[in-house]
Novice: 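Take this structure, written in structure tokens, and hold onto it; I'll ask about it next.
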Amino acid sequence: MSIRGWWSARAGVRLRLTVAATLLAAVTVGLAGLLLLVLLGRSLDATASTRASQRAQEVAALLTRGGLPAVVSVLTGVGGESTSTQVLGRGHRVVASSPQVRNEKPLTTLVVGPGVVSSERLTNLPVGDGAAYVVVSRGVRHEGADYQVVVAQSLATTASSVRTVGTLLLIGLPLLTAASGLATFVFVGRALQPVAAMRRQVAKISATDLTQRLPLPATHDEVHDLGSTMNEMLARLEAAQDRQRRFVADASHELRSPLATVKANLQLTRDGTDPDWSEAHAMMLVETERLERIVSDLLLLAHGDAEAGVAYEDVDLEEIVFAEVEHLRRTTTLDVVVSAGSAVRVTGDAHQLSQVLRNLADNAAVHASHRIDITLAVDLDHAVLEVGDDGPGIPVADRRRVLERFVRLDAGRDRASGGTGLGLAIVDDVVQRHGGTVTVTASPAGGVLVRVVLPRQV
């Protein structure tokens, strides 16, 4: 495996951040060190040039006031090699000089006139063993004669200082870079400790126990937000698992009763102990039909739970309403009152929306005393479908619960009604998948009013 392939496959977040921080520190500190050396060299050169200019101005002023004898007297006592001074006269000859350049030829070949100041950098001077010097020349006129004051300021100290700082940087920069990488490695490791703790906790969580939650760090940062989001996901999974378990338990309970009835009647007919076969046959037929309804409703709910990406189409709710009203009037003796305005269109599945209205109508027909009201209206960008009855109604505390699966209130638990406890649950499931809501309230007639709100085509 190549280094690049190994890096992509094996390098973790901690190592990646450490390497990135180390490289960034090396580049940044290296550039900063280089800039420091450049600025230090320029600053020291400028200081040496200023010192040479000041020395040349002092000697020129002395020459102007006291003449050449005064300058010779002062330069005779000046020693050292960091600063050398010469006074050049007619023909560019040396007429006065400091001891270190006595009897030497002129330090510069440059000729400047009175009042002119010039600066140059030279390395071939007779002093300093080849060290660089900044040479300042200043022209002076005294008593009709022209002189040139030449001051050479050594740059050896500047070069030495730059070399010293460069050496320190060469030693210190790798150490600083290494310290930066080590600090990054340690601090990133500490920052990732909550992630490691969450990973260990996730490894312990199984499908059979979703009650555990991930530990959250005390700091409210991105890691805390990640843990909170995962805990919310675990809560949703736990709730879904609980709903599934209740669903299976309720389905088992609902199926057990008709199966037990059929089994008992079959045993009686097999043993010949049942005196009335026609009665047993009718009972088994009723229970078989009930089983069929339960299985159909379960399949519809299972299909809805697994549904994804269904292609919806244009649906005219008014057609669905009038078709269901006609069905109710043929199958019941109840007074069916319908109120529908102009055509109301939504985007959805026509069969599923028909199932919604059929379930609501069947539920109302079971509990209504004399009347069923079906209303279709428009409320801004929504279609509103209401089905109400004049039955006994539902207590406020149970109005949300009746939308859950296999929920039947005590007053409506008679098997003769043929209810499976899934009708309103199917309504709620289908409406939610269509982006709508279902609300159960009291009808003006005293019974139940189920209100379905769906997004309308505009």
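Along the sequence shown, residues carry numbers from 1.
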Novice: Tell me, do F322 and E326 make a side-chain contact under 4.5 Å, heavy atoms counted?
Specialist: no

Novice: Less than 4.5 Å apart, any side-chain heavy atom of E120 and any of L110?
Specialist: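 When only atoms from C-beta onward are counted, L110 and E120 do touch, with a gap below 4.5 Å.
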
Novice: Considering only heavy atoms from C-beta outward, does the side chain of V384 approach that of L376 to under 4.5 Å?
Specialist: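 The answer is no, as the side chains (C-beta and beyond) never meet within the 4.5 Å cut-off.
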
Novice: What distance separates F185 CZ from L17 CG, expressed to the nearest 0.5 Å?
Specialist: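 Between F185 CZ and L17 CG, I get 11.0 Å after rounding to 0.5 Å.
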
Novice: Give a yes or no on whether a salt bridge exists between R433 and D428, defined as a side-chain N under 4.0 angstrom from a carboxylate O.
Specialist: no

Novice: Between N359 (side chain) and V427 (backbone), is there a donor-acceptor pair under 3.5 Å?
Specialist: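 Here the side-chain-to-backbone pair does not exist.
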
Novice: Could you check if a side-chain atom of M198 sits within less than 4.5 angstrom of a side-chain atom of V223, using non-hydrogen atoms only?
Specialist: yes

Novice: When rounded to the nearest 0.5 angstrom, what is the spacing between CG in L214 and CE in M233?
Specialist: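 So the CG of L214 and the CE of M233 are separated by 7.5 Å.
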
Novice: Quick one: closest heavy-atom pair of V453 and V431, and the distance?
Specialist: O-CG1, 4.3 Å

Novice: Tell me whether H327 contacts the main-chain N or O of A323 through its side chain, where contact means a donor paired with an acceptor under 3.5 Å.
Specialist: no

Novice: Which heavy-atom pair separates V378 from V344 by the least distance, and what is that distance?
Specialist: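 So the minimum-distance heavy-atom pair works out to CG2-CG2, 3.6 Å.
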
Novice: L125: what forms a side chain to side chain contact (heavy atoms under 4.5 Å, CB included) with it, not counting sequence neighbours?
Specialist: L107, L122, V127, Y133, V135, A152

Novice: Is a side-chain donor or acceptor of R329 paired with a backbone partner of V336 at a separation under 3.5 angstrom?
Specialist: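 Between the backbone of V336 and the side chain of R329 there is a qualifying donor-acceptor contact (under 3.5 Å).
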
Novice: Heavy-atom count around H224 NE2 within 6.0 Å, excluding the residue itself: above 12?
Specialist: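 Check passes, neighbour count above 12.
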
Novice: Once side chain to side chain donor-acceptor pair (under 3.5 Å) is applied, do any residues pair with Q57, and if so which ones, sequence neighbours excluded?
Specialist: none

Novice: Decide, yes or no, whether a salt bridge links R42 with D45 under the criterion of side-chain N to carboxylate O below 4.0 Å.
Specialist: no

Novice: Which distance, rounded to the nearest 0.5 Å, do you find between the CD of E222 and the OG1 of T229?
Specialist: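 Rounded to the nearest 0.5 Å, the CD-OG1 separation comes out at 11.5 Å.
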
Novice: May I ask you to test the V27-L31 pair for a side-chain heavy-atom distance under 4.5 Å?
Specialist: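 Yes, at least one pair of side-chain atoms sits under 4.5 Å.
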
Novice: Under the rule for salt bridge (charged side-chain N to carboxylate O under 4.0 Å, His left out), what residues qualify as partners of D335, not counting sequence neighbours?
Specialist: none

Novice: Charged N to carboxylate O below 4.0 Å: is that the case for R345 and D314?
Specialist: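 The answer is yes: the pair qualifies as a salt bridge.
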
Novice: Do you know which two heavy atoms are closest between V136 and S53, and how far apart they sit?
Specialist: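 Scanning both residues, the minimum pair turns out to be CG2-OG, 3.8 Å.
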
Novice: What I want to check is whether the side chains of S49 and Q153 have a donor and an acceptor closer together than 3.5 Å.
Specialist: no

Novice: Using modelled atom types only, decide if a donor and an acceptor are shared between the side chain of S160 and the backbone of A156 within a distance under 3.5 Å.
Specialist: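 Checked: no pair found.
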
Novice: Show the nearest heavy-atom pair for residues H367 and P392, with the distance to one decimal.
Specialist: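 Minimum heavy-atom contact is O-CD, 3.5 Å.
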
Novice: To the closest 0.5 Å, what do you measure between CG (D390) and CG (L449)?
Specialist: 12.5 Å

Novice: List in chain and number order the residues that pass salt bridge (charged side-chain N to carboxylate O under 4.0 Å, His left out) with D379, two or more places apart in sequence or in another chain; answer none if no residue qualifies.
Specialist: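 For D379 there are no salt bridge (charged side-chain N to carboxylate O under 4.0 Å, His left out) partners, ignoring immediate neighbours.
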
Novice: Please report the closest heavy-atom contact between L216 and S228, naming both atoms and the distance.
Specialist: CD2-N, 3.6 Å

Novice: What distance do D362 atom CG and T331 atom OG1 have between them, rounded to the nearest 0.5 Å?
Specialist: 7.5 Å

Novice: With rounding to the nearest 0.5 angstrom, report the CG to CG distance, L353 to L385.
Specialist: 9.5 Å

Novice: So, R213 and E238, do they make that salt bridge, N to O below 4.0 Å?
Specialist: yes

Novice: How close do E324 and L357 get, counting heavy atoms only, and between which atoms?
Specialist: CB-CD2, 3.6 Å

Novice: Any side-chain to backbone donor/acceptor pair from R138 onto V150? Under 3.5 Å, distance only.
Specialist: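 No, the answer is negative, given that no donor and acceptor are paired below the 3.5 Å cut-off.
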
Novice: Just wondering, do L403 and V440 contact through their side chains at under 4.5 Å, heavy atoms?
Specialist: yes

Novice: When you measure from the side chain of T22 to the backbone of T18, do you find a donor-acceptor pair of N or O atoms at a distance under 3.5 Å?
Specialist: yes

Novice: For S180, enumerate each residue passing the side chain to side chain donor-acceptor pair (under 3.5 Å) test, keeping only those at least two apart in sequence or located in another chain.
Specialist: none

Novice: Going by side chain to side chain donor-acceptor pair (under 3.5 Å), name the pairs with one or both residues in residues 437-454, residues two or more places apart or in two chains.
Specialist: E386-R451

